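Structure first, then comments.
By convention in this document, chain letters (A, B, ...) are assigned in the order of the sequence lines, proteins followed by strands, and residues within each chain are numbered from 1. Keep in mind it's a predicted model, so treat the numbers as computed, not measured.
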Protein chains: 2
Amino acid sequence: MNKRVTIADVARTAGVSMMTVSRVVNDSGPVSESTRQRVLLAVGELGYRPSGLARGLATRRTATIGLVVPDVANPFFAGVAKGVEQIAYAEGYNVFLGNTGEDPEHELTLLQSLEEKRVDGLILCSSRLPEADLRQALQWHGATVLVNRQLEGFGAVLVDDQRGAIALVEHLLSGGRRRIGMLAGPETSHSCRLRLLGYDSVLQEAGMQRRQGWMLRCAPDVAGGRQGAINLLQAYPELDALLCFNDLVAVGALQAAAELGRSVPDDLAITGFDDIPLAALMTPPLTTCSVPVFDLGDQAMRLLLEQIGGCDEGCERIVLAPELVIRGSAP
Amino acid sequence: MNKRVTIADVARTAGVSMMTVSRVVNDSGPVSESTRQRVLLAVGELGYRPSGLARGLATRRTATIGLVVPDVANPFFAGVAKGVEQIAYAEGYNVFLGNTGEDPEHELTLLQSLEEKRVDGLILCSSRLPEADLRQALQWHGATVLVNRQLEGFGAVLVDDQRGAIALVEHLLSGGRRRIGMLAGPETSHSCRLRLLGYDSVLQEAGMQRRQGWMLRCAPDVAGGRQGAINLLQAYPELDALLCFNDLVAVGALQAAAELGRSVPDDLAITGFDDIPLAALMTPPLTTCSVPVFDLGDQAMRLLLEQIGGCDEGCERIVLAPELVIRGSAP
DNA sequence: CTGAAAGCGCTTACAG
DNA sequence: CTGAAAGCGCTTACAG
């Protein structure tokens, strides 16, 4: 590989100063048309490509943001990533993707490495960090938008998880279900806490005791859901409905139900959360709560851009309302 | 936001030179234990975090790679991304994710911006660029690994697409299907070209003419597959099997079949490609070709690391064999 | 409209 | 074991 061509090379062959080259490349400051042409010619000839590193060092802006998610293989986060990337691209930003694999330590390390890369902003989805750790990690960063998690002082794009869970449970009750179990997600999940709250509140309001063992946690993916459902249903065969943490878990529960010979929805109702594309395609299709994933990413990126731009409104909280979607798994 | 602490600040408070701070931070070169402790203390006290920009400028290595895919929302690419990210993380690299949305221009711009960011390496998945453009874009970059596409002189991790398609079509023939249509992907897809080749070769060998209209292209996602299948099946109701470009398209075809009142597999067999998690969960479950997506990403990243490390073997081609997975949609 | 100087925050040789 | 100087490739004030 040849030596890289630098701004000095361009300046030399165009017979101008580096300053002038910089001016035409960035379109900053006035340059006479003839000079501009000469510089542009040299740029093309040499195949000059400015170094983002050097530029970033000088300007303190890198045109780079970080996006951290627990699991890209979950269509929910893939959707968010797609939304973020699209706006980022349109605005000239590159995005670092970090996948924590649900591991808080991994998350922490990622946050630190992104800060060392001097990202202009950070979008952190469904952080699994305890509040103290989260706060500390975020203080390294400048502009930050949280998704699916709130923390005082930080901009966030949220889904009203509690309301979603309430709608789901009320729907199950109105369908005559009385023994509703819950396959919850990780304890570290903020969304999960809120959904549990919703679940409990409806049961309490209906004057129904929540039986101790009816709530079980599992890994928030299909395999976790399947295993969780098997355990829960074997221990409590009397359950007539399963409120699942998300659609992936619900899909696993659907599998488990089939394996255990429980018929859905007659014998057992199952609900998910998120309404990932997969949800509508199951047999039976999943009753769930629809969350506009693409918008989540889109809005998060816009909010972040406002913050980066120095706008104070960048710290607002945007709450998207989830929408009950009734399908065959819990009609 | 306070002024950032720099290596000079650390040096000052520790009472040593910047050089010494650099030595302990990077664990390069000898430093006396007592000095090391003093520096470490200052680092902790000030919360010093070295600038990757400055370091990158000086060392010409950024510990950063680029990953470019057509669509992260496709579980296939999400799986690849997960594989890449995992190895990258373990090796101390951050990864830029670029989503082209199947748009070649977007892809080109992305490739250029990644080069400006001075990534140490690039993993390009299923490039939709014509060979000439691709070559030119890649010459900007150093280490490069292609996934799902080959180009002389470049390392690649591939799936034997042709063989996969052959296995699928032979399976359909052995199941008694004689009028096999194909829902192909974008013309820009290298994989698609190879799968088409496989499809044609089997038909030819079986002495069957491939009817002109039986091949139709569609967007490589669920919506595209649904629409494509509707168009194809309405024009050629005599088709008794549909070889789909990938699982997403096959899922769309499954929907279309239901809408058109065609029963799968009795009246119409449908096959996919990739074996994304979704495939096994459909009703009927999808017959498809299994591609180890996570391994694709994993291997690509390992190959890239070899190249970055200067190993000449980094240019080898790894070909993964797809595996026929027979399920209900084409038993 | 154009340029010379200093600086962004590190590391690479070179000395000692 | 430790440090002073120069350089990585840009841009930001300041002059002219």
Side-chain angles (χ1 to χ4, degrees), chain A residues 1-40 42-43 46-64 113 115-120 140 142, chain B residues 1-40 42-43 46-64 113 115-120 140 142:
Chain A
M1 213 158 328
N2 318 326
K3 221 167 164 321
R4 267 196 200 294
V5 355
T6 73
I7 198 172
D9 299 324
V10 178
R12 196 174 320 117
T13 90
V16 299
S17 71
M18 300 190 336
M19 198 52 254
T20 299
V21 176
S22 174
R23 284 201 184 91
V24 354
V25 168
N26 298 301
D27 203 25
S28 61
V31 177
S32 80
E33 191 48 30
S34 70
T35 309
R36 167 187 307 283
Q37 291 306 332
R38 213 143 26 96
V39 171
L40 253 19
V43 165
L46 301 176
Y48 170 60
R49 235 156 264 294
S51 161
L53 295 178
R55 181 180 284 169
L57 194 57
T59 61
R60 298 154 166 296
R61 291 197 59 254
T62 54
T64 274
S113 67
E115 140 68 9
E116 292 187 357
K117 295 298 193 293
R118 298 296 189 257
V119 292
D120 291 335
W140 299 333
Chain B
M1 212 159 328
N2 317 326
K3 219 167 165 321
R4 267 197 200 293
V5 355
T6 74
I7 198 172
D9 300 322
V10 178
R12 197 174 318 116
T13 91
V16 297
S17 72
M18 300 190 335
M19 198 53 253
T20 299
V21 176
S22 174
R23 284 200 185 93
V24 354
V25 167
N26 298 302
D27 203 25
S28 63
V31 177
S32 80
E33 191 49 31
S34 69
T35 310
R36 168 186 306 283
Q37 291 307 331
R38 212 142 29 96
V39 172
L40 253 21
V43 166
L46 300 177
Y48 171 60
R49 235 156 262 295
S51 160
L53 295 178
R55 181 180 284 170
L57 195 57
T59 62
R60 297 153 169 295
R61 293 197 58 254
T62 54
T64 274
S113 67
E115 139 70 9
E116 291 187 359
K117 296 298 193 290
R118 298 296 189 256
V119 292
D120 292 333
W140 299 332

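- Closest approach of B:Met18 to B:Ile7, counting heavy atoms only: O-CD1, 3.6 Å.
- Partners of B:Ala58 under the side-chain contact (heavy atoms from CB on, under 4.5 Å) rule, at least two apart in sequence or in another chain, do not exist in this structure.
- A heavy atom lying under 4.0 Å from DNA chain C marks the following residues of residues 50-63 of chain A, by number: A:Leu57, A:Ala58, A:Arg60.
- With sequence neighbours excluded, the residues satisfying side-chain hydrogen bond (donor to acceptor under 3.5 Å, both in side chains) with B:Arg118 are B:Glu115.
- Scanning for side-chain contact (heavy atoms from CB on, under 4.5 Å) contacts around B:Leu46 gives B:Val5, B:Asp9, B:Val10, B:Thr13, with sequence neighbours left out.
- Annotation: side-chain contact (heavy atoms from CB on, under 4.5 Å) contacts of B:Arg23 (sequence neighbours excluded): B:Met19, B:Thr20, B:Ser28, B:Val31.
- Scanning residues 6-22 of chain A for heavy-atom distances under 4.0 Å to DNA chain D yields A:Thr6, A:Ile7, A:Met18, A:Met19, A:Ser22.
- With sequence neighbours excluded, no residue forms a side-chain hydrogen bond (donor to acceptor under 3.5 Å, both in side chains) with A:Glu116.
- Listed by chain and number, the residues in a side-chain hydrogen bond (donor to acceptor under 3.5 Å, both in side chains) with B:Arg60 amount to none (sequence neighbours excluded).
- Once you apply a 4.0 Å limit to the heavy atoms of chain A, the touched nucleotides of DNA chain D run 5' to 3' over D:dG9 to D:dA13.
- Taking the side-chain contact (heavy atoms from CB on, under 4.5 Å) definition, one finds that B:Arg55 meets it with B:Val25, B:Asn26, B:Pro50, B:Thr59, sequence neighbours left out.
- Closest non-hydrogen pair, B:Trp140 versus A:Arg49, comes out as NE1-NH2, 3.4 Å.
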Is there a side-chain contact (heavy atoms from CB on, under 4.5 Å) between A:Arg38 and A:Val43 once you walk through the steps?
CA-CA 9 Å; A:Arg38 213 143 26 96; A:Val43 165; over 6 Å; no

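- Legend: residues meeting side-chain hydrogen bond (donor to acceptor under 3.5 Å, both in side chains) with B:Thr62, ordered by chain and number and at least two apart, are B:Asp120.
- With a 4.5 Å cut-off on side-chain heavy atoms, B:Lys117 and B:Thr64 do not count as touching.
- With a cut-off of 3.5 Å on both pairing distances, the Watson-Crick and G-U wobble pairs of DNA chain D assemble into stems of 3 or more at C:1-3 with D:14-16, C:5-12 with D:5-12, C:14-16 with D:1-3.
- Counting non-hydrogen atoms under 4.0 angstrom, B:Ser28 reaches nothing in the nucleic acid.
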